[in-house]
Each structure stands twice: as C-alpha cells, then as structure tokens.
Amino acid sequence: MHYVSTRGSAPALGFEDVTLAGLASDGGLYLPESWPSFSDGDIRALSGLSYVETAVRVMAPFVAGSLGEEELRELCTAAYGRFSHDAVTPLVQLDHRHWLLELFHGPTLAFKDVALQLLGQLFERFLSRRDDHLTIVGATSGDTGSAAIDAVAGREKIDIFMLHPEGRVSDVQRRQMTTVLAPNVYNIAIDGSFDDAQALVKAMFNDAAFSRRFNVSAVNSINWARLMAQVVYYFYAGVRLGAPDRAIAFSVPTGNFGDVFAGYVAAQMGLPVAKLMVATNVNDILHRALAEGDYSQGQVVPTATPSMDIQVSSNFERLLFDAGGRDGKALAEQMKGFEASRAMRLTNAQREGASKLFTSARVDADGMTMAMRWAYDAAGQVIDPHSAIGLAAARTVDLDPAIPVVTLATAHAAKFPTAVERATGIRPGLPSRVGDLFAREEAYAKLPCTFEAVTAYVAERATPRG
Ligand SMILES: *Cc1c(COP(=O)(O)O)cnc(C)c1O
C-alpha cells in the first residue's frame with residue numbers, strides 16, 4: 001500500500017515510512033492512494049472474531065508491504081493485551097435504539113489508547129529494523145498526551161516531548177502524564193491554549209534546521225497509523241449490530257476530526273454506515289463547516305470537555321482532500337489561504353462529498369448535562385462529558401428509528417469526576433488499575449508558548465539523528 005499527501009507534492013511512501021514521518025514533507029497529511037474494499041462476504045466473515053483478529057483483517061491491507069499478517073497479529077496482541085476488558089471495545093445498550101461503544105478500557109482511560117498502544121508497538125518494530133532513534137513532539141488537550149506517554153515510556157529508541165496547555169487539562173489527565181518519570185518522557189506545560197501548542201509543534205516540524213538535527217515524528221492524529229487503528233472498532237461494533245445486512249449510524253464526540261474520520265474510512269471500505277454524526281461542544285468550527293461551509297477559526301472557549309476544545313481540526317484536511325476529488329495542488333492553495341486568514345469556504349464539491357455521510361450538531365453545557373442524566377436514568381450508565389456530547393447529538397439524529405445509533409464513549413467518567421458529579425450527583429471513582437494516581441510524584445517544565453523557548457528545551461534534551 002502506498003500513501004499520498006493531501007497537498008500533492010510530497011513523495012508517495014509506504015506504511016513504515018508514513019508511520020515514522022507523521023506529517024508529510026509538504027505540510028500535508030498522508031492517506032492511502034486508494035481505499036481497500038471489503039465485500040459483504042468479507043464483512044460477514046468478521047462476525048464472531050475477537051478484537052485482535054478483527055484488527056488483523058481490517059488493517060492488513062493498509063500495512064501490506066511493511067508488515068506480514070503474523071507480525072501484525074503479534075503487535076495487536078501486545079497492544080490490546082493491555083486493555084482491561086476482554087472485548088477491548090465493548091458495546092452497551094442504552095435503550096431500543098441507542099448504544100455506547102466503550103473505548104476507554106485501555107491504560108489511560110480514553111479512546112486514544114486504542115490507537116496509541118498499537119503505535120508504540122509499530123514505532124518499536126520499525127525503529128529496531130532501522131536502528132534509528134525517534135524524537136516525538138506532540139501537543140495534547142489532555143488525552144493524547146497520557147496515552148502516548150504510556151505507549152512509549154521506557155522505550156530506548158524514543159524520546160517524547162509532550163506540550164499541554166497549562167491549567168486547561170483535568171487533574172487526572174495532567175497526573176497521568178506528569179507522574180510517568182521514565183527518562184525518555186518530558187512534559188511541558190505551555191502558557192497558552194491547545195491550538196497555540198499545536199501550532200508550535202507544527203512550526204517545529206516545518207523548521208528545516210530542527211528536522212535535520214532530529215528525527216522528529218508526530219503522535220497526534222495527523223499520524224495515519226492512529227486513524228487506521230481506529231477504523232477497527234467501527235467494523236467490530238458494526239458487525240455485532242448486523243452489518244453487512246443492516247446499516248448503522250455512529251455519533252462521535254469530535255475535536256481534531258480523527259476519530260470520526262476513521263468512521264469515514266470504514267464506510268469507504270464497505271461498512272454500511274447510515275450516518276456519521278459529528279458532535280461538537282460550543283467550539284463548533286466543524287459544525288459550522290459541515291452545516292454552512294464556513295471553516296473559520298473562532299476563539300477557543302474552555303469547557304467541561306477539554307479534549308474537544310479545538311478550533312482547528314487537523315484531520316478535516318483529509319476529508320476535504322478525499323471528498324473534494326483528491327486535488328492536492330488545489331487543496332494546498334486552499335490551506336495556504338486558511339493558514340493566512342484563519343478562514344475559508346468549502347468548495348461545492350467538498351460540501352457535497354461530505355454531506356453524503358456526515359451530519360453535525362453543536363451541544364452546549366445544558367445539552368451535555370441532560371445527556372449524562374438521561375444515560376443514568378435510562379440505563380444506569382455514568383458517562384463522561386465527552387461521551388455525553390456525543391450522546392446528546394445522537395439523540396437528535398434524523399434517521400429511520402430502525403437504524404441503531406452507536407455513540408462512541410471516548411473517556412471513562414472517572415477522568416472528569418467533577419463535571420460528572422455536577423451533572424449526576426455521582427462522583428465516579430478511578431478504576432483500581434490507576435488507583436494510586438494521586439499519590440505519585442509529578443515532574444514537568446513550565447515554558448512560555450514561544451517557538452524559541454520550546455525548541456531550545458527540546459534541543460538540549462533530545463537524542464540527535466545517528
Ligand atoms: C481526543 C478526544 C476526543 C476528540 O477526538 P478527535 O479524534 O480529536 O476528534 C473526544 N473525546 C475524548 C475523550 C478525547 O480524548
């Protein structure tokens with residue numbers, strides 16, 4: 001399988017190179033040059049398979065040429081062996097129509113573990129083949145950071161530098177990052193928003209001198225391997241609810257557009273997806289883009305769902321590319337315009353391409369609270385604020401009531417105990433596997449949100465290219 005950049009001028013690469021590179025050299029994002037296609041028979045053959053076997057079947061075409069099936073199985077077994085539920089991503093029924101797909105049974109209690117536990121395994125495998133070293137630089141609104149750090153802590157060929165917006169992640173989120181005291185882990189609290197931190201990371205990647213010196217890579221969802229790993233649970237859930245013979249809708253609490261784009265990929269591969277609901281909080285750039293074609297960046301408003309407090313959704317570029325006819329040169333121009341003015345209009349082709357599958361909803365704090373209460377009253381489920389945004393949006397979806405609607409439950413309620421307690425009166429306790437989090441020692445640097453300060457900090461500590 002070869003991968004092409006959304007901006008049309010970076011060279012096509014294989015899966016191994018794409019995984020280690022993260023961002024394409026022309027500033028674009030990698031996508032497979034064509035979508036693998038699963039027949040109804042292929043999908044039917046997934047029924048009853050374990051999560052790991054489903055993962056092997058779904059991902060095999062994407063890694064072809066870089067990993068054999070047996071190697072892929074080995075890496076998936078190691079990655080998903082660390083989940084606390086045997087089904088890895090179990091489904092829970094809320095009422096006749098609504099389901100939760102629980103994605104938070106990994107080590108750091110959010111769905112990002114599903115992708116990052118595998119990415120950690122992939123990095124190690126590919127780096128040992130090349131005898132190379134990797135410097136991971138990432139920005140996190142909370143959950144990516146802890147999941148990435150858990151996935152690579154203590155790995156010899158990797159250093160990780162993780163920027164988080166100071167004071168804008170929950171205590172549990174921060175401690176899950178800052179209490180990992182492995183020598184290859186560096187946490188940095190930035191005086192700014194998540195978008196500021198992400199822009200800084202992008203600037204480091206685009207800095208020629210920096211990337212000559214260090215073999216830098218991304219673990220944000222701009223990394224294709226992460227999206228690929230997330231495609232698996234759409235199939236796993238879809239098959240359990242009747243695919244290929246019944247269509248299924250998914251509602252996805254969305255920030256960087258990674259998770260919901262994985263649903264789009266599953267649909268391109270042949271999974272019968274009736275609708276993908278893009279659920280946003282009041283930081284609603286994606287809702288405005290999908291509903292009105294207006295992709296213009298507003299100010300980030302901090303909410304009870306920090307992992308969705310985003311005004312620039314990196315992976316949206318992948319949809320604009322694929323749904324808009326895969327014209328890399330034109331998209332490069334469009335994105336350049338956006339980067340200059342922080343606003344753009346979607347083309348008609350992009351809007352039409354997107355509207356076939358996507359719909360969207362903006363959910364405010366009241367809507368979130370009501371969804372949390374409803375899940376508890378209807379089915380005794382205590383859900384986290386992000387999942388509640390997804391569920392609130394799911395309950396507005398305009399579809400034949402016979403179609404099951406699956407809300408992706410992206411975090412464990414215990415990651416956001418204060419917001420959950422405010423809505424439901426119940427304070428969720430941490431599962432025993434992370435129980436001593438508040439007793440552990442923390443370590444992190446505090447830096448101003450400037451390119452100079454952060455680059456200097458990383459350059460002093462990272463291992464240069466061999
Ligand atoms: C990251 C995250 C999201 C948003 O996912 P994207 O792939 O960025 O759209 C939603 N909920 C939780 C809990 C998250 O950690």
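This structure is a prediction, so every number in the text was calculated from the model and none was measured. Both ligands and their constituent atoms are indexed starting at 1 by order of listing.
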For the residue pair Arg240 and Tyr236, would you count it as a cation-pi contact if the rule is NZ or CZ under 6.0 angstrom from the ring centre and within 45 degrees of the ring axis?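 Arg240 over Tyr236 ring: yes.
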
Just by distance, with hydrogens left out, do Asp26 and Ser5 show a side-chain donor and acceptor under 3.5 Å apart?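 Present: a donor and an acceptor within the cut-off.
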
Residue and atom name of the nearest protein heavy atom (relative to [atom]), distance in Å to one decimal:
atom                    : value
atom 10 (C) of ligand 1 : Pro253 O, 3.5 Å
atom 11 (N) of ligand 1 : Thr410 OG1, 2.9 Å
atom 6 (P) of ligand 1  : Asn256 N, 3.5 Å
atom 9 (O) of ligand 1  : Gly255 N, 2.8 Å

Val260: heavy atom below 4.0 Å from ligand 1, yes or no?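 No, Val260 has no heavy atoms under 4.0 Å from ligand 1.
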
Contact with ligand 1 for Phe261, non-hydrogen, under 4.0 angstrom: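 Phe261 does not count as a contact of ligand 1 under the 4.0 Å cut-off.
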
Polar-atom distance check: [X] versus ligand 1, any N or O pair below 3.5 Å?
X      : answer
Gln230 : no
Phe111 : no
Asp259 : yes

Do Leu109 and Pro431 touch side chain to side chain, with heavy atoms closer than 4.5 Å?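 Yes; the side chains approach each other to less than 4.5 Å.
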
Taking the side chain as everything from C-beta on, heavy atoms only, tell me whether Tyr233 gets closer than 4.5 Å to Val88.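 No, their side chains stay 4.5 Å or more apart.
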
What pairs with Ala243 under side chain to side chain contact (heavy atoms under 4.5 Å, CB included), at least two apart in sequence or on another chain?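 For Ala243 the side chain to side chain contact (heavy atoms under 4.5 Å, CB included) partners, ignoring immediate neighbours, are Ile43, Ile248, Leu271, Pro272.
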
Ring centroid separation for Phe104 and Phe111, is it under 6.0 angstrom?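 So the answer is no for these two rings.
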
Mutual orientation of the aromatic rings belonging to Tyr234 and Phe250 [parallel < 30°, tilted 30-60°, perpendicular > 60°]: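 Perpendicular.
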
[X]: numbered ligand 1 atoms lying under 4.0 Å from its heavy atoms:
X      : result
Gly258 : 6 (P), 7 (O), 9 (O)
His386 : 11 (N), 12 (C), 13 (C)
Thr254 : 9 (O)
Ala411 : 13 (C)
Asp143 : 12 (C), 13 (C), 14 (C), 15 (O)

Under a 4.0 Å heavy-atom limit, does Lys112 contact ligand 1 with its side chain, its backbone, both, or neither?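 Looking at Lys112 and ligand 1, just side chain atoms fall under 4.0 Å.
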
Ligand 1-proximal atoms of Phe257, by part, heavy-atom distance under 4.0 Å: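 Under 4.0 Å from ligand 1, Phe257 contributes backbone atoms alone.
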
Test applied, ring pair (Phe, Tyr, Trp, His ring centres under 6.0 Å); reference residue, Trp224; option that passes from Phe261, Tyr3, Phe15: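 Passing option: Tyr3.
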
Side-chain atoms of residues 159-168: list all donor-acceptor pairs with protein atoms under 3.5 Å, sequence neighbours left out, distances to 0.1 Å.
residue : atom : partner : partner atom : Å
Asp159  : OD2  : Thr463  : N            : 3.1
Asp159  : OD2  : Thr463  : OG1          : 3.1
Glu166  : OE2  : Lys446  : NZ           : 3.3

